[in-house]
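To keep things clear, I will list the structure first and then write my remarks on it.
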Amino acid sequence: MESSKSPQSSKTSRVVVPSDTNGSRFDNDNFSSECASNQMVVFNPEAGDKEQDELGESRAQKSGIIRGISPSIGAFTVQCAKCFKWRLIPTKHKYEEIRERIIQEPFVCKRAREWRPNVTCNDPEDISQDGSRLWAIDKPNIAQPPRGWERQIRIRGEGGTKFADVYYTSPTGRKLRSLVEIDRFLQENPEYVAQGVTLAQFSFQIPRPLRQDYVKKKPKL
DNA sequence: GCCACCGGTGGC
DNA sequence: GCCACCGGTGGC
């Protein structure tokens, strides 16, 4: 019944998930063979912000991350490898720091004490997998961007041919869309190379949508 | 005129 | 078949 999703005015844009359908599928059904602890997610809070009020930290996000940096991504959250609860990460920088070594150092609630002194696996999760938001599963172990550079993820609208785009903004404000462009930029601006910036510090891997039908299937002829 | 966004495709 | 890359363009 869900296979025939009609795009309905995708004009509404944004990346709000239609909700319902299957909220239970992700519970603990089984993140299955895949090691859930490796998965990191960014989500768009657009649809609901109830939980936001209950969390003191989310305030900082609201003014900081959401506003100024990326309208597409509302917040960053990581799943505890032990209890499987989702913990909000207070800053993008911290998120990127965790993501960079998520495989070698799986995230656990205890680590959230860096910004939430007494949190444990017994505390309720910061955010739940209800269908009210768009969840994007990020790729693990992506290098942190060089100092002064910013890596941005833009989630595309539902029904498109692609889920998201990644681009980097240089310290000078230049937006770069591919490794080819990065490489060219570095050649034209050797001072960054002198600072130690290398191509290996960049990745254009995009996250995957939790809902597979978010992206339009191939046209098929 | 610029740029954020989306679609198309060539190469793997 | 997937995805890295880039061209085109509509909205500001």
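Since we're looking at a predicted model, the values are computed, not measured. By convention in this document, chain letters (A, B, ...) are assigned in the order of the sequence lines, proteins followed by strands, and residues within each chain are numbered from 1.
- Computed from coordinates, the A/Ile206 CD1 to B/dC5 P distance equals 15 Å when rounded to whole Å.
- In this structure, A/Phe43 has its ring center no closer than 6.0 Å to that of A/Trp86.
- Atom pair A/Lys162:NZ and B/dC5:C1' shows a separation of 11 Å (rounding to whole Å applied).
- With rounding to whole Å, A/Tyr168 atom OH is found 14 Å from C/dA4 atom C1'.
- A salt bridge links A/Glu150 with A/Lys92: at least one charged nitrogen is closer than 4.0 Å to a carboxylate oxygen.
- To the nearest angstrom, C1' of C/dC5 lies 11 Å from CG of A/Asp165.
- Rounding to whole angstrom units, CD of residue A/Glu181 and C1' of C/dC6 are separated by 8 Å.
- The side chain of A/Arg156 lies closest to B/dC6, out of C/dC6, C/dC3, B/dC6.
- B/dG7 atom C1' lies 17 Å from atom CZ of A/Arg154, rounded to whole Å.
- Within the structure, the salt bridge (charged side-chain N to carboxylate O under 4.0 Å, His left out) test picks out the following pairs touching residues 176-188 of chain A (sequence neighbours left out): A/Arg177-A/Glu181.
- A parallel orientation is assigned to the rings of A/Phe107 and A/Trp115, their planes being inclined by less than 30° (bins at 30° and 60°).
- Following rounding to the nearest Å, A/Tyr167 (OH) and B/dC3 (P) show an atom-to-atom distance of 12 Å.
- Scanning both residues, A/Phe204 and A/Val166, for their nearest heavy atoms gives CD2-O, 3.3 Å.
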Requested in this report: Tell me, with the steps shown, if A/Lys94 and A/Glu114 meet side chain to side chain contact (heavy atoms under 4.5 Å, CB included).
Outcome: CA-CA 10 Å; A/Lys94 177 59 66 178; A/Glu114 288 177 34; 2.6 Å; yes
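- Of the residues in residues 171-179 of chain A, those with a non-hydrogen atom less than 4.0 angstrom from any atom of DNA chain C are A/Arg177, A/Ser178, A/Leu179.
- For A/Arg184 and C/dA4, the CZ to C1' distance is 14 Å, given to the nearest whole Å.
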